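Structure first, commentary second.
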Amino acid sequence: MDFIKYEIKKGDTLESLAEKQGTSVKELINFHNLYCGTTNFIIGEKLPIHLQYLFLEKKTGEEINKAIEDRKFPKKARYRCEQFNTTKVEDRITFHCNTKKEYVVEKDAANTKAKVKLKEYLYKINPENMALAIEAVKELEFDKEDVIFNLNDDHTIKGVENFPQIKEKWELFKPKLKASEFYRQVEKINSKAAEDIIKGGGLEFENEANLRKTYDKSLLYHVLFNDFDARKKRKQNDVLKFISQIFVNVPIELELQHTIIKEDDYFIEFRTVGTLLKDKIDNAVLEEQYNKFYKPIIEYGFSEYNYDYRIRRMVDKKTGTIINASALMKEEVKNNYQFVTQFDLKQIEY
């Protein structure tokens with residue numbers, strides 16, 4: 001292995017040199033002792049007074065930066081996720097999309113920060129002509145899902161630390177989006193709709209709060225960064241608030257209940273079930289929108305609105321890492337229209 005002979009300067013300590021190298025004091029000492037000869041051995045965790053040189057592993061600036069970054073986030077996991085989105089009209093599938101993604105998720109030792117990076121993104125969609133839209137923004141997905149979060153004590157997301165960098169990537173991506181085949185086709189048919197695509201992106205990346213909403217909608221982040229521990233004492237059940245995917249600007253509220261399914265010496269399995277708070281919904285608004293958007297196609301009248309929400313998480317008790325998880329979200333107008341999302345996550349070898 002290549003090494004350099006570093007001349008020790010006034011003020012140098014083993015701690016400061018290890019930090020600059022992106023390594024531990026122990027690793028630094030072991031490497032030095034391997035090449036220095038017996039008279040220059042370091043015993044203990046302080047630089048000997050007589051020592052003039054320290055033998056260090058030869059690294060490029062990029063290798064040192066990577067080592068420093070890796071030490072900031074020592075808890076590492078790699079996940080593969082698969083998500084099925086299905087739309088049904090009277091139990092007939094009218095839309096189906098299958099996405100597969102692979103991520104690297106890293107956390108600092110104190111669980112105050114998390115870094116998530118999308119590594120692979122695969123998809124199949126029916127109708128196939130909708131693939132053009134996904135392909136047009138695929139690069140942006142990698143930009144957006146290279147993110148560092150600040151975390152609350154309950155492991156929920158507090159903020160997006162690298163928001164300025166992500167926003168800058170959006171600005172650089174805009175010309176590519178405008179040059180895409182998808183954008184050109186939309187522009188030919190409806191120039192205002194094409195402009196709205198850019199405006200929508202601008203709104204998403206306008207500020208940190210708006211971008212947070214994007215992550216909140218993604219099941220990966222919803223599953224990994226949430227307060228689901230059923231062992232925790234709560235004064236009252238949590239309430240999850242979001243916007244309907246079937247109806248326009250209709251807020252939905254679910255009361256969440258967390259339970260333990262099973263537990264052994266190594267793993268604990270949690271289940272979260274959401275109960276729809278029907279008294280928070282104005283059925284007259286739902287029926288009005290249903291009659292406008294869906295009844296002309298389905299013909300049958302408005303029946304009953306339901307929402308099914310279930311998440312299961314298997315957690316390693318020693319590390320606190322989620323090993324695998326599954327989620328089911330089903331929003332429906334009973335017997336008439338359904339939007340179903342199934343999500344599966346598993347940890348794979350790093």
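Remember, predicted model here, so these are calculated numbers, not experimental data.
- Separation of the Y215 and F149 ring centroids falls under the 6.0 Å cut-off.
- Using a distance-only test at 3.5 Å, with no hydrogens or angles considered, no donor-acceptor pair links the side chain of N210 to the main chain of E206.
- Among residue pairs with one or both ends in residues 147-167, those qualifying as side chain to side chain donor-acceptor pair (under 3.5 Å) are K113-N150, K113-E161, N152-T156, D154-T156; sequence neighbours excluded.
- Checked by atom type and distance alone, the side chain of K76 pairs as donor or acceptor with a backbone atom of F73 at under 3.5 Å.
- Screening Y309, Y307, Y305, Y337 against E331 for a side chain to side chain donor-acceptor pair (under 3.5 Å) leaves a single residue, Y305.
- A side-chain N or O of E82 and one of N98 form a donor-acceptor pair less than 3.5 Å apart.
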Scan the side chains in residues 251-261 for donor-acceptor partners under 3.5 Å anywhere in the protein, sequence neighbours excluded, and list what turns up.
residue: E255; atom: OE2; partner: N237; partner atom: ND2; Å: 3.2
residue: H258; atom: ND1; partner: T272; partner atom: OG1; Å: 2.9
residue: H258; atom: NE2; partner: D227; partner atom: O; Å: 3.4

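- Screening I134, T86, T341, N126 for a side-chain contact (heavy atoms from CB on, under 4.5 Å) involving C97 leaves a single residue, I134.
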Give the intermediate values and the outcome of salt bridge (charged side-chain N to carboxylate O under 4.0 Å, His left out) for residues E263 and K317. CA-CA 9 Å; E263 181 177 6; K317 291 173 75 171; 2.8 Å; yes
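- With respect to K144 and E141, a salt bridge is recorded, a charged nitrogen being found less than 4.0 Å from a carboxylate O.
- In this structure, the side chains of V239 and L277 come closer than 4.5 Å at one or more pairs of heavy atoms.
- Using a 4.5 Å cut-off between side-chain heavy atoms of Ile, Leu, Val, Met, Phe, Trp and Tyr, with links allowed through other members, F302 and V248 fall into the same hydrophobic cluster.
- Between K59 and D2 there is no salt bridge, since no side-chain nitrogen of the basic residue lies less than 4.0 Å from a carboxylate oxygen of the acidic one.
- The pair D316-K318 fails the salt-bridge criterion, with no side-chain N (NZ, NE, NH1 or NH2) lying under 4.0 Å from an Asp/Glu carboxylate O.
- The only member of E120, E145, R78 that meets side chain to side chain donor-acceptor pair (under 3.5 Å) when paired with Y103 is E145.
- Here the side chain of D108 pairs no donor or acceptor atom with the backbone of P74 at under 3.5 angstrom.
- With respect to the salt-bridge test (charged N to carboxylate O, under 4.0 angstrom), the residues K178 and E195 do not qualify.
- With contacts defined as side-chain heavy-atom distances shorter than 4.5 Å, the pair F205/T214 does not qualify.
- Heavy-atom contacts from other residues, nucleotides or ligands closer than 6.0 Å to CD of E168 number 12 or fewer.
- Between the D146 side chain and the F142 main chain, no donor and acceptor come within less than 3.5 Å of each other.
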Begin with the C-alpha distance, continue with both residues' side-chain angles, and end with the deciding distance and a verdict on side-chain contact (heavy atoms from CB on, under 4.5 Å) for I93 and T87. CA-CA 6 Å; I93 295 174; T87 300; over 6 Å; no
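- Tracing side-chain contacts under 4.5 Å through hydrophobic residues (I, L, V, M, F, W, Y), one reaches Y183 starting from V137; they form part of the same cluster.
- A donor atom on one side chain and an acceptor atom on the other are not found under 3.5 Å apart for N40 and Y53.
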Audit row: I311, F343, side-chain contact (heavy atoms from CB on, under 4.5 Å) steps and yes/no: CA-CA 9 Å; I311 298 179; F343 177 82; over 6 Å; no
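- K188 places none of its side-chain heavy atoms less than 4.5 Å from the side chain of Q185.
- The backbone N or O of I322 sits less than 3.5 Å from a side-chain atom of Y79, completing a donor-acceptor pair.
- F270 has its side chain within reach of D229: a pair of non-hydrogen atoms, C-beta onward, lies under 4.5 Å apart.
- Residues F41 and I29 do not share a hydrophobic cluster, clusters being chains of Ile/Leu/Val/Met/Phe/Trp/Tyr side chains in contact below 4.5 Å.
- Listed by first and then second residue, the side chain to side chain donor-acceptor pair (under 3.5 Å) pairs that reach into residues 279-289 come to none, sequence neighbours excluded.
- Crowding of E62 atom CD: a count of heavy atoms from other residues, nucleotides or ligands under 6.0 Å not exceeding 12.
- Under 4.0 Å is where a charged nitrogen must lie from a carboxylate oxygen, and between E106 and K117 no such pair does.
- No single ILVMFWY cluster, assembled from side-chain heavy atoms under 4.5 Å apart, contains both V160 and V104.
- Electrostatic pairing of D264 and K262 does not count as a salt bridge here, judged by no charged N lying under 4.0 Å from a carboxylate O.
- When only modelled atom types and interatomic distance are considered, E27 and S24 share a side-chain donor-acceptor pair under 3.5 Å.
- How far CG of L220 is from SG of C81: 4.5 Å, rounded to the nearest 0.5 Å.
- A 6.0 Å sphere centred on OH of Y266 holds no more than 12 heavy atoms belonging to other residues, nucleotides or ligands.
- Within the model, atoms CG of L203 and CD1 of I198 stand 13.0 Å from one another, a figure rounded to the nearest 0.5 Å.
- Between N30 and K26 there is a side-chain heavy-atom pair separated by less than 4.5 Å.
- Contact annotation: the side chain of I166 approaches that of L211 to within less than 4.5 Å [non-hydrogen atoms, C-beta and beyond].
- In this structure, Q338 contributes its side chain and V333 its backbone to no donor-acceptor pair below 3.5 Å.
- Two rings, from F31 and F55, have their centers 6.0 Å or more apart.
- In this structure, R184 contributes its side chain and A179 its backbone to a donor-acceptor pair below 3.5 Å.
- Side chains of N336 and Y290: a donor on one and an acceptor on the other come within 3.5 Å.
- The pair K119-E102 does not count as a salt bridge, with every side-chain nitrogen at least 4.0 angstrom from each carboxylate oxygen.
- Salt bridge absent: E269 and R313 never bring a charged side-chain N and a carboxylate O closer than 4.0 Å.
- Side-chain contact between K9 and Y6 is present, with heavy atoms from C-beta onward closer than 4.5 Å.
- The closest side-chain heavy-atom distance from E15 to L28 is not below 4.5 Å.
- Linking ILVMFWY residues whenever their side-chain heavy atoms come closer than 4.5 Å, directly or via other members, leaves Y221 and I323 in distinct clusters.
- A cation-pi arrangement is present between K101 and Y121, with the terminal nitrogen or guanidinium carbon under 6.0 Å from the aromatic centre and inside a 45° cone about the axis.
- Using a 4.0 Å cut-off between charged nitrogen and carboxylate oxygen, K66 and E63 do not count as a salt-bridge pair.
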